[in-house]
Amino acid sequence: MSRKRAPVVVGWFTEESADGDREGGFRLLGTRCSACASVFFPREDVFCRNPGCPGRELTEVPLSPRGRIWSYTDSRYRPPAPYVSDPELEWQPRTLIAVELEAERMVVLGQGAPGVSLADLAIGMEVEAVPGVLNEDADTTWTTWHWRPTGTRGPAEETADATGATGVKA
Amino acid sequence: MTADVAVLGAGMHPWGKWGRSFVEYGTAAARAALADAGVEWRDIGSIVGADTVRGGYPGYVAGATFAKALGWQGARVASVYAACASGAQAIATARAQILSGLADVVLVVGADAAPKGFFRPAGGDRPDDPDWLRFRLLGATNPAYFGLYARRRMAVHGDTLEDFAQVKVKNAAAGALNPLARYRKRVSAEEVAASAVVADPLRLLDICATSDGGAALVLSSMEFARRHGAPDPVRIRAVSTVTPRFPNTVLDLPDIATDSAAAVAPPAEPFRPSIARAAYEEAGTGPEDLSLAEVYDLSTALELQWYEDLGLCEEGEAAKLLREGATAPGGRIPVNPSGGLASFGEAVPAQAIAQVCELTWQLRGTAGERQVAEARVGITANQGLFGHGSSVIAVR
Ligand SMILES: [Zn+2]
């Protein structure tokens, strides 16, 4: 039985194209207010949050694919639910990267791609948003975004890495 | 400037991991504050509870929960929640009732019974809840955010791990003198450096624990205080409960992203400094007037951040202020003479009230071994997630 792929949150990033290409053109998705041009991520779809703007028309906009590291850390201990991890497997630390997007003038958090360690990171380093797998359960591969230094090419993210997977195999 | 309200009484249940109900801690603290004030519970006109999200329904209606536990006597009731800033909101509510003439004397209570391990969101699938999302998508615990802030300070201001450790050394030494603190042992920089990394670059001893505890205050009008035989009480002169201004460009718990400043320029003053400035303006005072400060040291690095946000020094100068000993006992501006969260651990709705208890004892000159000499003006500062400012200025 093969799992279906589904974004862990709908509408926050581009989904894979019909030919299964998940790498090319992957973008985080926000919204932009047509009245004041403020950009929102996570997306705002009903009201503009600029207090000086009456805007009600917000349109989807892809965010910059690359940005620079504002700060970074890692999780040395297993995070509690609703984070999903296999309690049977030893916890492997996972990097968390806060990235400054120049055009949007905002900072967006994300997990580092599998295999990205603290030693690979520095404040100011360029990273790109790449598609990733958060975890898998019996019938779904839950997809997300990861940040990866542009100077590296990580392993193909065909399956969840050990730290993110639930361990449930179909 | 607004009128003062009097702090007639302060009381706390010792912080720890006691394994009992938050109701017991809050009720014990309330009884201690009433005894300290010399006010009978039946004479309290209003009770304000700071809620806990960890005690089931009674936690969401904390004011009524404590009123019932003390014995229904008909007082006006309110319950407030603002995460770590809940205590300040409870104080603000009580103060507003006193200054508006709705109540003469108000009891403020907050208490918590903390879970083991990381704070976590409430159960259920809630993809519209940023607090749920940050755990589901990122596994981003509170210490992860503290780690991000600490790493950023190291890169931008040159703070070192040794600086962070020295904050813990300072606060542990103060906490060793405080019978209400949970941790009453001095800690060395070597012990900090030898503790396990939780969220790089921060170690276990850089990050505050979660604790059980309860704190309470009896607040009144100045007129009631005079009639009550307390002509010169500690006074609360300002309570700042401000929110951020758009665009908020500092990554704040539990958010996954900041606001965008692409279309609207960010405010000249970021959120945390604005919390303190609002308090200073309301009190007609400034950082140069302070005798002491109680700040929310969720991590050692965050204590340094508060030095700058309170205006105790220029931006980037906090580690220097610490190294000079200015914020240690006997220094120019002692910070966290109570021992801070480093010695208490966080009991969320009680913590901002406990900060004011410490100011009260310091300003009365009854803080014992940890007394700050000639204390006249004290400030508290904290920030509740989801955009809650909290700062109280008390004077004598
Ligand atoms: Zn707008």
Side-chain angles (χ1 to χ4, degrees), chain A residues 8-10 12 28 30 32-33 35-42 48-53 63 69-85 93-111 118 121-124 134 142 144-145 163-164, chain B residues 115-141 143-156 196-204 245-251 254-266:
Chain A
V8 65
V9 199
V10 175
W12 284 26
L28 291 171
R32 180 187 282 129
C33 173
C36 76
S38 285
V39 176
F40 298 99
F41 180 85
C48 177
R49 287 199 289 105
N50 171 0
C53 176
L63 302 188
I69 295 179
W70 181 82
S71 192
Y72 60 96
T73 184
D74 64 356
S75 307
R76 296 291 174 96
Y77 291 86
R78 186 187 304 277
Y83 191 76
V84 180
S85 64
R94 193 63 194 255
T95 55
L96 269 175
I97 309 176
V99 176
E100 196 161 19
L101 305 178
E102 188 180 20
E104 290 82 2
R105 295 191 68 187
M106 70 192 302
V107 173
V108 178
L109 259 181
Q111 286 189 317
L118 292 173
L121 305 174
I123 287 174
L134 185 62
W142 296 103
T144 187
W145 75 95
T163 60
Chain B
K116 190 170 156 50
F118 293 117
F119 282 140
R120 61 192 67 196
D125 271 12
R126 290 190 318 284
D128 294 335
D129 173 353
D131 196 48
W132 184 87
L133 284 168
R134 57 135 167 174
F135 281 97
R136 175 69 183 101
L137 273 60
L138 305 173
T141 59
Y145 285 80
F146 309 156
L148 291 170
Y149 303 145
R151 173 62 63 190
R152 179 78 186 167
R153 283 197 64 86
M154 292 173 75
V156 174
V197 175
V198 174
D200 176 85
L202 296 177
R203 294 176 177 276
L204 191 62
R245 278 165 295 170
F246 182 87
N248 186 10
T249 56
V250 178
L251 189 66
D255 294 336
I256 286 173
T258 64
D259 291 338
S260 162
V264 179

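The figures that follow rest on heavy atoms only: side chains count, while hydrogens, waters and symmetry mates do not. A note on names: the letters A, B, ... follow the listed sequences, proteins ahead of strands, and every chain is numbered from 1.
- Using a 4.5 Å heavy-atom threshold, the side chains of A:Arg76 and B:Val198 count as separate.
- If you take OG1 on B:Thr258 and CH2 on A:Trp70, they are separated by 9.0 Å, rounding to the nearest 0.5 Å.
- Of all the listed residues (B:Arg126, B:Arg136, B:Arg245, B:Met154), the one sharing the greatest number of non-hydrogen pairs under 4.5 Å with chain A is B:Arg136.
- Heavy atoms of A:Ala103 lying under 4.5 Å from chain B belong exclusively to its backbone.
- Proximity to chain A (any heavy atom under 4.5 Å) is restricted, for B:Asp255, to the backbone atoms N, CA, C and O.
- For the atom pair CG (B:Leu138) and CH2 (A:Trp145), the distance works out to 5.5 Å, reported to the nearest 0.5 Å.
- Only the side chain of A:Ile123 comes within contact range of chain B, judged by heavy atoms closer than 4.5 Å.
- At a threshold of 4.5 Å between non-hydrogen side-chain atoms, the residues A:Tyr77 and B:Thr141 do not count as touching.
- Screening residues 96-110 of chain A for side-chain hydrogen bond (donor to acceptor under 3.5 Å, both in side chains) gives A:Ser64-A:Glu104 as the qualifying pairs, with residues at least two apart or on separate chains.
- Counted within 6.0 Å of CZ on B:Arg134, heavy atoms from surrounding residues, nucleotides or ligands total more than 12; the atom is thus considered enclosed.
- For chain B, no part of A:Arg32 is nearby; none of its heavy atoms comes within less than 4.5 Å.
- With a 4.5 Å cut-off on non-hydrogen atoms, A:Val107 touches chain B through its backbone and its side chain both.
- In this structure, A:Phe40 and B:Phe246 have tilted ring planes: the angle between them lies in the 30° to 60° band.
- Residue B:Leu202 does not touch chain A at all, counting heavy-atom pairs closer than 4.5 Å.
- Checked by atom type and distance alone, the side chain of B:Asp200 never pairs as donor or acceptor with a backbone atom of A:Asp74 at under 3.5 Å.
- To the nearest 0.5 Å, the span separating OG1 on A:Thr73 from OH on B:Tyr145 amounts to 11.5 Å.
- Separating the CZ atom in B:Arg151 from the CG atom in A:Leu118 is a distance of 7.5 Å, to the nearest 0.5 Å.
- Proximity to chain B (any heavy atom under 4.5 Å) is shown, for A:Val108, by both the backbone and the side chain.
- A donor-acceptor pair under 3.5 Å is absent between the side-chain atoms of B:Ser260 and the main chain of A:Met106, judged by distance alone.
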